[in-house]
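The structure appears right after this line, and notes come after that.
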Amino acid sequence: MASTIVNSGALVVLQELNPSSPYFKHGASLRVTGKLQGYTVETAEAVIADGSASLKVDTHHLSLNFRVGSIYQFIGELHVQPDNEVMLKARVGRNVDGMDLNLYRRSLQLLRGFQGEQSV
Amino acid sequence: MESHSLRDTHVKLLAFDLLSLTRTPSLSSSSFDPFSFSRKGIQISRVEALGVVVTRELKPDKFLKFSIDDGTGCIQCVLWLNQLNSPYFSRRCPSDVRLIAQMALIFSTRVQLGLVVRVRGRIAGFRGLVQITVEDVVVERDPNSEILHWLDCMKLAHQHYDILRGK
């Protein structure tokens, strides 16, 4: 039975994706969440935002209906250009309209603390 | 809880926790798996996990192998679809086997890339990795279901699973 192993997408909030962040690595598998600001049909490129932070997402492999203003979550690999321009090449994505983003951020902090505490 | 075992419970675990279970050779001759699994010294055999389906590989009439990502790790899952031609089921009532096969087929159609699924099943080892032999699959439509699952797992670990080892 062959098995396909893929990396888990580390949970990040867009504000954490800056050059000094440990997640800011070419090829890093990430899961990002944000509100769709724009979508270009020709390039299948989406731009999601969370507060003042935004990220380009290549959605070539996805068959989703995109609606500006809706919230989306993507899992994929980060591509960092030499000028530190970044884009996530999404493997999977979904619409998460109705997600409580404050609860998400607070739970993510708890989850990281829990993982740290359980690994000791 | 009277027993210090979680063997008869579907233990809610996050992927990183499931993937770090301790594996020891099974002492029971009736066991499905040659290994048994324990978390901090407490034996567990069934698990409930939730995550985004990130891989899907179907072998019709044999199995559906898929993996779910809950943000802390990826869990390999196998859903058997060979009930109608497996010798393992040959001694069971044919109508029961047909029903089991029918349910497995329904579960397999629920598992689609990008959806969030809740999976329950038996913990098994395959080529050195921990995987779930799936018993049932539910698609979660609520966008907050994954967050609530994280909170459930953390609460259960703190209030129940971690405490059992001290008893």
Side-chain angles (χ1 to χ4, degrees), chain A residues 1-13 16 23 28-35 57 59 61-66 70-77 90-120, chain B residues 13-20 39-40 51-57 59 62-78 80 82 112-116 124 126-129 131 139-158 161-162:
Chain A
M1 198 191 302
S3 60
T4 315
I5 309 253
V6 293
N7 289 329
S8 170
L11 300 156
V12 290
V13 290
E16 292 172 317
Y23 301 110
S29 297
L30 303 177
R31 186 194 303 208
V32 294
T33 309
K35 190 178 274 191
V57 182
T59 68
H61 300 296
L62 311 183
S63 51
L64 280 178
N65 290 321
F66 288 100
S70 282
I71 306 169
Y72 291 87
Q73 189 168 71
F74 299 100
I75 301 176
E77 279 61 47
R91 280 186 268 126
V92 294
R94 61 186 181 120
N95 179 305
V96 289
D97 277 340
M99 177 185 269
D100 184 333
L101 289 173
N102 283 329
L103 180 65
Y104 179 75
R105 287 188 206 100
R106 286 168 57 196
S107 303
L108 181 53
Q109 292 309 316
L110 286 174
L111 187 63
R112 286 174 180 168
F114 177 72
Q115 274 190 270
E117 157 204 314
Q118 293 286 320
S119 333
V120 174
Chain B
L13 287 184
L14 293 164
F16 82 96
D17 219 347
L18 177 71
L19 299 174
S20 56
R39 179 185 182 275
K40 298 184 178 180
V52 179
V53 178
V54 289
T55 65
R56 184 182 194 275
E57 180 197 347
K59 297 275 181 203
K62 289 184 180 167
F63 60 81
L64 171 70
K65 197 163 174 85
F66 62 100
S67 52
I68 57 173
D69 184 344
D70 72 359
T72 72
C74 276
I75 302 171
Q76 300 289 317
C77 303
V78 64
W80 290 105
N82 63 347
Q112 299 296 335
L113 287 179
L115 292 183
V116 172
F126 180 69
R127 292 183 180 163
L129 296 173
Q131 72 174 23
V139 175
E140 293 289 349
R141 304 281 179 200
D142 181 345
N144 294 299
S145 59
E146 208 176 12
I147 305 171
L148 298 175
H149 178 73
W150 300 343
L151 296 173
D152 259 354
C153 289
M154 289 187 275
K155 184 179 169 190
L156 284 164
H158 283 141
Y161 308 153
D162 285 354

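Keep in mind the model is a prediction, meaning the values are calculated, not measured. Just so it is clear: chains get the letters A, B, ... in the order the sequence lines come, proteins before strands, and each one is counted from 1.
Under the 4.5 Å side-chain criterion, counting only non-hydrogen atoms from C-beta, A/T33 is not in contact with A/V13. Looking at B/H149 and B/E140, their side chains never come closer than 4.5 Å, going by heavy atoms from C-beta outward. A heavy-atom distance below 4.5 Å is not found between the side chains of A/R94 and B/L115. A heavy-atom distance below 4.5 Å is not found between the side chains of B/W150 and B/T72.
Between chain A and the options B/L113, B/V52, B/D17, the largest number of non-hydrogen pairs under 4.5 Å is found for B/V52. By number of non-hydrogen pairs under 4.5 angstrom with chain A, the leading residue of B/S20, B/P143, B/A157 is B/P143. The most heavy-atom pairs under 4.5 Å with chain A, out of B/V116, B/V54, B/I147, B/D142, come from B/I147.
In this structure, chain A has a heavy atom under 4.5 Å from the backbone of B/V53, while its side chain stays farther away. Only the backbone of B/D70 comes within less than 4.5 Å of a heavy atom in chain A; its side chain stays farther off. Residue B/I75: no heavy atom, backbone or side chain, is found under 4.5 Å from chain A. With a threshold of 4.5 angstrom between heavy atoms, A/D97 approaches chain B through N, CA, C or O but not through any side-chain atom. The part of A/I75 that comes within reach of chain B is its side chain, from C-beta onward, which places non-hydrogen atoms under 4.5 angstrom from that chain.
Of the N and O atoms on the side chains of A/N7 and A/E77, not one donor lies less than 3.5 Å from an acceptor on the other residue.
Between A/D100 and A/R105, no side-chain nitrogen of the basic residue sits less than 4.0 Å from a carboxylate oxygen of the acidic one, so the salt-bridge criterion is not met.
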